[in-house]
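The structure displayed is predicted, hence computed values, not measured ones.
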Amino acid sequence: MLKFDKILIANRGEIAVRIIRACRDLGIKTVAVYSEADRYSRHVELADEAICIGPPPSVQSYLVMQNVIKAAKSTGAQAVHPGYGFLSENAEFARAVDQAGLTFIGPPASAIAMMGDKMAARAAMQQSGVPVVPGTVDPIESEEQCRQVIEKIGLPVLIKAAGGGGGKGMRVVHSMDDIERSLRSAVSEAGSAFGDSRVYIEKYISEPRHIEIQIFADIHGNCCYLGERECSIQRRHQKVIEEAPSPIVDQAMRRKMGEAAVAAARACGYINAGTVEFLVDGTGEFYFLEMNTRLQVEHPVTEMVTGIDMVVEQIRVASGLPLSFTQDDIKISGHAIECRIYAEDPATFLPAVGKLKKYREPSGPGIRVDSGVYEGAEISVYYDPLIAKLVASGGNREIACARMRRALKEYTIAGVVTNLDFHRKVLENEKFAAGKISTHFIEQNYSGPDDPDPKELQLAAIAAVLADHRSKRSVFSHAKSTGSRWLEYGRRMGLRAS
């Protein structure tokens, strides 16, 4: 029996809507939290209750732990679901929720802390026999130490931030002459992005595939893997298209990777849903990359091929119930693919903002759309510009891809620039159709401007917020609402990136 009759969702957008729907299926009431910018958002409309937790900037609303916990207590919620992003992988928040007498729908704070520290995670995996990329388990303290490690494992290598992800604090070193600059740059960016300047080194695998294993564990000692997801279509280390199963994984490889993922979960005392990410080289050897201690953005493709509602299962496990399935129950049926639909300029991947003047989602056999928007909704400067997750499924990969191409043509969005056309081009690419992909697929197949300098992106963000604050949107009424436009506006106003 479930022990919750009311759950607070500590998130916004499509994932908040997704969780509200799962709760409704279970007969559980929901509480939405929202910033002043999200007052008229879809998740606020759908929840049974809603409470404002602060001004538009996430650092003053969605990231303020005490405001979220206060909202849960004041509304009588017994549990908090963090979704993904924001506070979902914050061990301090998970601990604070527990201390407030509430249930955190996710893993223990200790597991979040261990897997959030990339070096601690690598060390734990090595001790558990999970294959890891050759490299260091201790922080690099000097250029000389960096040289010694490189001489041992060979070039090229990656210098990576210990406390973060998403490509921040990461530098590829191809030459010994690049060590000083790359090390200094990685340390500086890691400190700025995560408040933790520690970095480590691992061997750089050329042309890797990014394949992850979904795991689920309960408090009764059960732990299962739910197959894999192929996540190799990325830009700036951020996933854009995901699918399940992977075109290159057979049953033997799935079992081997799944057992390694379960070992990883057991090594940190994991409970609830989690994802173990691996890099796979050209020979089929796989190496532990990291563990995401939350529900993944791309969880729908796993749901489509396993028939398991992962959010419902999260709530069951948090209630103390055992998993509703065993490993033998998990069967991969058919194929599913997900395209992340963003408000962004497809030429630069810079975010766009504005109002959805026209919005019509595709439908038909095998199509699922997870969204938190509606016609007339505003894509804000304050948050990630994800509009929706478009999912297509079918009996095999060919059918799923055909349905995705059809859905992408049907999707109608006006008022903001989107990456719909980019997705159409990828789905029509012969290499993609053949499953011949790697994490370098986009840069190798789609030419465009170089990645903008981080300072340029910072300048664009500052300009966007300032423009919104000063209510000068009329300046852009006849121009594209793109990051590049915000950047130009910032330059005109004389802003300087720090």
Side-chain angles (χ1 to χ4, degrees), residues 118-119 121-122 125-126 130-137 140 146-162 164-183 185-186 189-190 199-213 228-243 246-250 253 256-257 260-261 275-292 349 426 429-451:
K118 301 298 186 291
M119 289 186 295
R122 281 172 58 84
M125 295 306 101
Q126 284 185 333
V130 178
V132 299
V133 180
T136 62
V137 293
I140 296 297
C146 189
R147 289 182 180 277
Q148 292 174 359
V149 172
I150 292 174
E151 288 173 357
K152 181 178 180 180
I153 66 176
L155 288 168
V157 300
L158 270 176
I159 300 177
K160 300 178 67 174
K168 294 182 176 65
M170 183 185 297
R171 295 293 183 274
V172 181
V173 179
H174 292 283
S175 166
M176 299 297 271
D177 295 334
D178 295 335
I179 293 176
E180 180 182 3
R181 176 183 55 81
S182 298
L183 180 60
S185 179
E189 187 171 285
V199 297
Y200 66 99
I201 291 177
E202 66 180 29
K203 181 71 175 174
Y204 179 71
I205 299 175
S206 60
E207 301 295 324
R209 297 180 82 115
H210 185 134
I211 297 177
E212 60 189 28
I213 301 289
E228 80 284 353
R229 294 185 288 259
E230 173 81 59
C231 304
S232 297
I233 306 297
Q234 305 178 5
R235 47 101 167 111
R236 300 189 193 118
H237 307 288
Q238 294 290 336
K239 302 164 190 172
V240 182
I241 298 175
E242 303 98 343
E243 58 184 305
S246 167
I248 68 163
V249 175
D250 59 19
M253 184 176 180
K256 189 175 180 181
M257 293 183 75
T275 298
V276 183
E277 303 195 343
F278 296 96
L279 288 180
V280 180
D281 65 20
T283 69
E285 291 297 317
F286 61 89
Y287 305 93
F288 172 82
L289 178 62
E290 63 182 359
M291 185 174 189
N292 292 122
F349 295 120
V426 173
N429 185 285
E430 292 182 359
K431 292 180 180 177
F432 178 83
K436 297 178 180 179
I437 57 179
S438 77
T439 57
H440 302 303
F441 179 86
I442 291 178
E443 62 192 73
Q444 291 173 347
N445 292 276
Y446 297 94
S447 60
D450 294 335
D451 284 356

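Considering only heavy atoms from C-beta on, Leu183 stays 4.5 Å or farther from Arg147 through its side chain. Side-chain contact between Glu230 and Ile211 is present, with heavy atoms from C-beta onward closer than 4.5 Å. Contact check for Pro131 versus Met125: no side-chain heavy atoms found under the 4.5 Å cut-off. In this structure the side chain of Ile201 reaches within 4.5 angstrom of the side chain of Ile153, judged on heavy atoms. Val240 places none of its side-chain heavy atoms less than 4.5 Å from the side chain of Phe349. The closest side-chain heavy-atom distance from Gln234 to His210 is below 4.5 Å.
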Dump the intermediate steps for side chain to side chain contact (heavy atoms under 4.5 Å, CB included) on Val199 and Glu189, then the final yes or no. CA-CA 10 Å; Val199 297; Glu189 187 171 285; over 6 Å; no
Stepwise side chain to side chain contact (heavy atoms under 4.5 Å, CB included) check, His237 with Lys168: CA-CA 9 Å; His237 307 288; Lys168 294 182 176 65; over 6 Å; no
Step by step, work out the side-chain hydrogen bond (donor to acceptor under 3.5 Å, both in side chains) result for Glu285 and Thr283. CA-CA 6 Å; Glu285 291 297 317; Thr283 69; 4.8 Å; no
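Atom CG of Asn445 is separated from atom CD1 of Ile437 by 10.5 Å, given to the nearest 0.5 angstrom. Note that SG of Cys146 is 11.0 Å distant from CD of Glu180, once rounded to the nearest 0.5 Å. Taken to the nearest 0.5 Å, the CZ atom of Phe441 stands 3.5 Å off from the CG atom of Asn429. Note that CZ of Arg209 and NZ of Lys436 are 11.0 Å apart. Values are rounded to the nearest 0.5 Å. Annotation: the span from Ile159 atom CD1 to Ile140 atom CD1 amounts to 8.0 Å, rounded to 0.5 Å. Rounding to the nearest 0.5 angstrom, the gap separating the OG1 atom in Thr136 from the CD atom in Gln148 is 12.5 Å.
In plain terms, the two heavy atoms of Val157 and Gly154 that are nearest each other are CG1-O, 3.2 Å. The two residues Gly284 and Met253 come nearest to each other via the heavy atoms O-CE, 3.7 Å. Between Val130 and Ala260 the shortest heavy-atom distance is CG2-O, 3.6 Å. Between Glu228 and Ser246, the shortest heavy-atom distance links the atoms OE2-N, 2.8 Å. Between Ser175 and Leu155, the shortest heavy-atom distance links the atoms CA-CD1, 3.9 Å.
Distance alone, capped at 3.5 Å, places no donor-acceptor pair between the Arg122 side chain and the Phe288 backbone. Side-chain N or O atoms of Thr439 include none that pairs as donor or acceptor with a backbone N or O of Ser232 at under 3.5 Å. Looking at Lys203, its side chain never comes within 3.5 Å of a backbone N or O of Leu158 through a donor-acceptor pair. The backbone N or O of Val426 lies less than 3.5 Å from a partner atom in the side chain of Tyr446, making a donor-acceptor pair.
Ser182 pairs in a side-chain contact (heavy atoms from CB on, under 4.5 Å) with only one of the listed residues (Arg171, His174, Met170), which is Arg171.
With sequence neighbours left out, Arg181 forms a side chain to side chain donor-acceptor pair (under 3.5 Å) with no residue at all. Scored by the ring pair (Phe, Tyr, Trp, His ring centres under 6.0 Å) test, Phe286 finds Phe278 as partners (sequence neighbours excluded). Residues satisfying the salt bridge (charged side-chain N to carboxylate O under 4.0 Å, His left out) criterion with Glu277, sequence neighbours excluded, are Lys239.
Taking the charged nitrogens against the carboxylate oxygens, Glu212 and Arg229 do have a contact shorter than 4.0 Å, which makes a salt bridge.
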